[in-house]
Amino acid sequence: MRASQLFFPTLREVPAEAELPSHRLLLRAGFIRKLAAGVYSYLPLGYKVLKKIEAIAREETNAAGGQEILMPSLQPVELWQETGRWDVDVLFKLEDRSGRWHGLGMTHEEVVTDIVRRDVRSYKELPLNLYQIQTKFRDEPRPRGGVIRAREFIMLDSYSFDRDDEGLDLSYRKMRRAFSRAFARLGVDFIIVEAESGAIGGKDNQEYMVLAGSGEDMVLRCDQCGYAANAERCEIADRGYEPSDEPGEPLDVADTPGMKTIEQVTGFLKTPPKKLVKTLIYEADGKPIAALVRGDRDLNEAKMSRMLDMDKLEMASPEMIVKLTGAEVGFSGPVGLKNVRIVADYEIRAMANFVTGANKTDAHYLNVNLDRDFRVDGWADIRVASDGDPCPKCAGVMRATRGIEVGHIFKIETKYSKAMDATLLDEDGREKHFIMGCYGLGVSRMLAAVPEANHDKDGMIWPMSVAPFEAVVLLLNPDDEAQLGAAVRVYEELQERGVDVLLDERDERSGVKFKDADLLGIPVQIVVGRLASEGKVEVRLRRDKQGRELVLDEAAREIVSIIETEKRRLLEAADRVS
RNA sequence: CGGGGCGUGGCUCAGCUUGGUAGAGCGCUCGUUUCGGGUGCGAGAGGUCGGGAGUUCAAAUCUCCCCGCCCCGACCA
C-alpha cells in the first residue's frame, strides 16, 4: 500500500473528547471516528487491525473445536421473555411498524439455545461448541474510553453444550486455553481472575484482564500463591483480626448536625475513617438486615447476597430506615438497634472505641465497643477487597492493580437450557437439560486494550501479529532519485516476500513521515534517506528506535528475518500459556 | 439516574462577566522556499456561534426550554 493512496486522517491535536491514551491515539492516528456516544466507525487502519484480531480469535476458537455461525442481531421479544432477560435495562429494545417488539443482541444465549433445542436431540451429537464474531448492542449507562466501553461493539461469543459437568469442565478448559493463546498472540500481558458472573448467571467464571493503570476494574493478586480475582469477587481471609487490647473508653454521644457521610463525620469529629463503623441497612426478601463495615471500606453486595443465600438484596428505603432506627439516613448504628439482624465484616472484630451513628438524627456515638454496647448476629467476609488484604488461599497478602476486562468465560450450566427447556436424550434414555458454557472475547475492545497497554509519548506500538502494517518504508525525499529507487526496491522486494508493508511516498516533509510512522505504531520502520546514495537504508524497530544500517542488497532479507522473529516470539508466548 | 463541565470554521481554543463589525493557532487551497523529526514567507477559501422560544432598536453574549458530548458516581450480561 502506498501512503498517498491510503485514507488515514491523522490529527496533530488531541480531540477534546478523549481521555484515555488509547482513545486519543486511535483518534489521532485515524483508526476510529465517533458517530455518537459509544458508537464508532472503524477507518481503514482500525478495521485492518480489527480483522487481524478477529482472525487470531477465530483461529484459536476453531482449534478448540468451535464451529463458526452467524446469528441475528434482531431478536423477537418472546425469546427474551423465556429467560426473563427482556427486563434487563442494557438491552436495546425497538418496536417495528406493526407493534412487535425486538431486542438487539447483547449476547446470544437465547438464540443459540433455541437453535440447539430445535435440532440437537441426542447425547451422540455432543459436545457442541458454536460461536460467532458479531456486532453486539448494549445500552450502556455510561459509555467511555472510546471503543473500550461502547454501545455497539464487536465480540466473539462462543457457547458450549454438554451432557454433564465433566463435559462442561472439558469444554471450559479448552476455551480457556484458546482465549489464553489468543491473548498471548495479541501481545498483551494478561491474567485470568476469578470474577462475578453478573446476570449471565452460573457459578464458575473467570475474566481475562489486560493489566493497565487506566483499567476500569480493580484486580487483586496474591504475591505468594498467585490467587487473582476481580475486586468485586475477591474473597478475604478471616485472618489477623484479633480483638483489640485497647482499653474500652466510656460510651459517649456527639452532636453531628447534618453530618451524614463518612467524609462529613470524619471531618467534623477529626477522626480517621478507620475509626468509624459504617452501618448499612438492607432489605433482604422483605426483612431488614444491618451490615457493618469499617468506615474506609465498601460493602460487597454480591458477597452479602451469597452469604444470605438470597437473590434479592436491596438498600432499605429512607422511610424504612427512619422506621427502623428512629433516625434519618446517615445516622444509623448498631447500638440499640432492635428487630434487625446485624452482620459484621470480620475486620470489625479488631476495632475498639469506634464511632457509629447513634440512631438519632444529628448524633453519633463515640467509643463504641463490641459486645459491651451491641451484639453481632453473624460474622462474615462482606467487604470489597483492597490492597493489602489477606489472601483467602494462603498466608500471603494481596496486591491491587488495575485491568481492562477483555474476556469473560462462564459455566452457565442449565440456567438457559432450563428456562428454555432445551433438552437432549442421554445414554440412559432420559431427557436432560444441556449443560452450557459461554465464552466472550472483546474483539473491538482489544483494538483499544492493546495500545492502552503498549504505547509511548509518540504513539502506539503494535505487536507484529496485529499491526496495521508489518513494516513501513519512509521515503524521505521522493524527488531524490537514489532515494526513490531504493525505497521502491525495498518496498517491492518486501511485498514479493509476503510482507504487509506501507510505502510512505507522500509529498510531505520528512518530519511528518516520522511523526506519522511513530503515531501509527508500525513495528518496523525502514528509513530511506541520504544513505540511499551509498546504497544503504536504515532499519529500526518502533519499540526502541534503535537503528541499524543495511546495504540495499540485503535489506529485504534482513527485514523479513526481523518480522519472522517477532511473529515467532508471539507464537511461542502462546505455546507457553497453553 | 445523581453531581459537575462543555457545545463558536475540519481540530484545539479565545470572545460571553459589562449586548453593538465573529477572532487566533493548527489544518486546508494556491504560489514560493525547504527536504533526516509536524520548514520559512506570501495570498486565499472556510462559521445558521448545538436547536427553539423569549427580552431588546440590537443577542455568540441575557432568560427559559430542548438536544448533544465529556468527566465523577451509581450501573456494567
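Throughout, protein chains are lettered first and strands after them, A, B, ... in sequence-line order, and every chain is numbered starting at 1.
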Could you list the donor-acceptor pairs under 3.5 angstrom formed by side chains in residues 526-537 of chain A, with sequence neighbours left out?
unit_1: A:S533; atom_1: OG; unit_2: A:R530; atom_2: O; d: 2.9

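For B:rG36, the base has no donor-acceptor partner in the side chain of A:N477 [N/O atoms by modelled type, under 3.5 angstrom].
In this structure, A:V512 reaches the bases: a heavy-atom distance under 4.0 Å links it to at least one base atom across the strands shown. Note on A:V14: only backbone sugar-phosphate atoms sit closer than 4.0 angstrom, heavy atoms only; bases stay farther off. In this structure, A:K34 reaches the sugar-phosphate backbone alone: every heavy-atom distance under 4.0 Å involves primed, P, OP1 or OP2 atoms, never a base. At the heavy-atom level, A:D516 lies under 4.0 Å from base atoms of the strands shown. Using a 4.0 Å heavy-atom distance criterion, A:P15 is classed as a sugar-phosphate-only contact. At a threshold of 4.0 angstrom between heavy atoms, the contacts of A:A18 with the nucleic acid are absent.
Atom CZ of A:R540 and atom P of B:rG36 are 13 Å apart (whole Å). Between the P atom of B:rG36 and the CD atom of A:E505 lies a distance of 17 Å, rounded to the nearest Å. In this structure, A:L91 atom CG and B:rA77 atom P are separated by 14 Å, rounded to whole Å. The interatomic distance linking A:E508 (CD) with B:rG37 (P) rounds to 14 Å, in whole Å.
In the set B:rA77, B:rC69, B:rC76, the nucleotide with an atom closest to the side chain of A:A36 is B:rC69. For A:R144, taking side-chain heavy atoms from C-beta onward, the closest of the listed nucleotides B:rC35, B:rC11, B:rC75 is B:rC75. Listed nucleotides: B:rC69, B:rC76, B:rC35. Nearest to the side chain of A:R509: B:rC35. Proximity note for A:D479 (side chain, C-beta onward) versus B:rC35, B:rA77, B:rG36: the nearest is B:rC35. If you check B:rG36, B:rC76, B:rG37 against the side chain of A:E140, the one that comes closest is B:rC76. Comparing atom distances between the A:E13 side chain and each of B:rC13, B:rC76, B:rG25 picks out B:rG25 as nearest.
A:E452 and A:H455 share no side-chain donor-acceptor pair at under 3.5 Å.
In terms of the side chain to side chain donor-acceptor pair (under 3.5 Å) criterion, A:Q546 has no residue partners (sequence neighbours excluded).
The minimum heavy-atom distance between A:L484 and A:P478, with the atom names listed, is CB-O, 3.9 Å.
Between A:I192 and A:S180 the shortest side-chain heavy-atom distance falls below 4.5 Å.
Contact annotation: A:R530 side-chain N/O to B:rG36 OP1/OP2 distance is under 4.0 Å.
Across all strands shown, B:rA43 is found opposite B:rU29 as a Watson-Crick or G-U wobble partner, with both distances under 3.5 Å.
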